Amino acid sequence: MSSDPAKQAEAAAPPVVRHAKRFRLFMGGLIVLAMGALGLATFLAATSGEQGESRSSWAPFAPTSDGVDSGARQIAEHVGRQYRLPTGEQIVLVTGGPMELQDLPMKIAVRESLADGGDIEVLEGKGVLYRMCGLGEKCSIAKGRASAERALLLRREALELALYSFHDLDDVEHVVVFMPPAKGEDPSVALHFRRGEVAGQLARPLRATLPAPVPNPDTITTAPGMPFIERITITNLFKFSLTTGNQDANVFLVLDPLPTSS
């Protein structure tokens, strides 16, 4: 074995160089992976932040699911608790879900008045069905006094249900709300909204259309935004009836227009 230090150093040099190159390649790979992971994390955070900001800027509340089943239930519970009598009691219990009756799919059939031609149109697209129940007989409102102002407030509530549904639920094109009946009567009046009718309202924050605070029957007529609310809800009031299909396993929700003076 040579005792020359220079030769010993020269002999030891090649293995050191080989390992250094491997180390540099390994570290370079780690850096590339780390940069890629950082970029992905930054992108996801930015995307998540934009979505969260978009949702929260439209309304402080948003359902945790965009599915009709759970999402509509959350919307029904949230909106229902906002509408109260002057005494502070909640006016109606609101439930929501897909367009179904006893697990049978429900199709919307709109029948025109004779003045408009009398045609029948079966509507396509996903729908959401809400029911307002006042917990009285046949879901009439058990407490408070029936009045035009209270009916107008319930129409505002139905519109809010529709706006949340179109904004937060996946691919919803129609919203139907069964209204509570007058005492001693069967439920027979519904509001039906189509997405296109409220496209402008969906493009701006909810409170631009339905300003806070939520009114009650004593303050509804002077609440901001009432001209639009009255106009869109009165033209979307229908008398509803249900009939089973004679061939398909489905139910038709038949909507007949009510006179605008109702």
Side-chain angles (χ1 to χ4, degrees), residues 63 65-76 79 92 94-133 139 151 154-181 186-203 206 209-210 228-260 262:
S65 169
D66 61 4
V68 169
D69 289 288
S70 58
R73 286 196 298 269
Q74 293 177 43
I75 291 172
V79 174
V92 292
V94 185
T95 56
M99 293 289 297
E100 295 178 352
L101 179 66
Q102 297 178 350
D103 296 327
L104 291 177
M106 186 181 295
K107 294 183 178 180
I108 303 173
V110 180
R111 184 159 46 196
E112 291 180 337
S113 66
L114 286 175
D116 292 327
D119 291 343
I120 298 174
E121 179 185 8
V122 177
L123 304 181
E124 301 295 332
K126 185 189 296 185
V128 183
L129 176 63
Y130 292 98
R131 295 176 173 88
M132 291 184 178
C133 183
C139 274
L154 292 174
R155 282 157 47 193
R156 184 189 193 272
E157 183 173 3
L159 175 60
E160 186 162 353
L161 291 168
L163 291 175
Y164 269 115
S165 300
F166 290 133
H167 188 270
D168 291 324
L169 302 184
D170 186 37
D171 297 330
V172 169
E173 295 295 329
H174 304 278
V175 174
V176 174
V177 183
F178 287 172
M179 307 298 284
D186 294 320
S188 62
V189 176
L191 275 158
H192 169 234
F193 300 94
R194 308 184 195 213
R195 174 181 289 275
E197 296 171 334
V198 293
Q201 286 64 45
L202 298 175
L206 176 65
T209 305
L210 303 176
F228 170 76
I229 295 168
E230 286 189 273
R231 183 173 67 256
I232 192 169
T233 57
I234 199 67
T235 56
N236 286 297
L237 273 174
F238 294 87
K239 179 174 180 172
F240 77 84
S241 57
L242 299 168
T243 182
T244 55
N246 57 4
Q247 293 180 337
D248 301 331
N250 64 64
V251 175
F252 285 107
L253 171 63
V254 183
L255 300 178
D256 288 293
L258 288 174
T260 56
S262 295

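None of these values were measured; they are calculated from a predicted model.
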Of all heavy-atom pairs linking Val92 and Pro180, the shortest is CG1-CG, 4.1 Å
The residue among Val189, Leu191, Val110 that forms side chain to side chain contact (heavy atoms under 4.5 Å, CB included) with Phe238 is Val110
Verdict with reasoning, Phe178 to Leu253, per side-chain contact (heavy atoms from CB on, under 4.5 Å): CA-CA 11 Å; Phe178 287 172; Leu253 171 63; 3.8 Å; yes
Rounded to the nearest 0.5 Å, the CD atom of Gln201 sits from the CD1 atom of Ile232 at a distance of 6.0 Å
Kindly indicate whether the side chain of Ile120, heavy atoms from C-beta on, has any atom under 4.5 Å from the side chain of Phe252. no
OH (Tyr130) and CZ (Arg73) are apart, to the nearest 0.5 Å, by 11.0 Å
request  = Measure from the side-chain N and O atoms of Arg155 to the backbone N and O of Ile229, and report whether any donor-acceptor pair falls under 3.5 Å.
outcome  = no
Q) Does any non-hydrogen side-chain atom of Met132 lie less than 4.5 Å from one of Met179? A) yes
Output for pair (Asp168 CG, Asp66 CG), nearest 0.5 Å, gives 9.0 Å
- Examine distances only and state if a side-chain atom of His174 and a backbone atom of Glu124 form a donor-acceptor pair shorter than 3.5 Å. yes
Rounded to the nearest 0.5 angstrom, the CD1-CZ distance for Ile108 and Phe240 is 12.5 Å
**Message:** If you define the side chain from C-beta out and look only at heavy atoms, does anything of Asn236 sit under 4.5 Å from Glu197?
**Reply:** yes
Checklist line | Donor-acceptor contact below 3.5 Å, side chain Arg111 vs main chain Val254 | finding: no
Interatomic distance, CG@Asp186 vs OG@Ser241, rounded to 0.5 Å, equals 12.5 Å
Does the side chain of Ile75 come within less than 4.5 Å of Leu169's, by heavy atoms?
-> yes
request  = For the pair Glu112 (side chain) and Asp119 (backbone), establish whether a donor and an acceptor sit closer than 3.5 Å, ignoring hydrogens and angles.
outcome  = yes
* Given the rule in the side-chain contact (heavy atoms from CB on, under 4.5 Å) test, do Leu242 and Met106 qualify, once you have shown the distances and angles that lead to the verdict? -> CA-CA 9 Å; Leu242 299 168; Met106 186 181 295; 4.1 Å; yes
Rounded to the nearest 0.5 Å, the CG atom of Asp170 sits from the OG atom of Ser65 at a distance of 9.0 Å
| message | Do Val79 and Val94 have side chains that approach each other closer than 4.5 Å (heavy atoms only, starting at C-beta)? | response | no
Q. Considering only heavy atoms from C-beta outward, does the side chain of Cys133 approach that of Arg131 to under 4.5 Å?
A. no
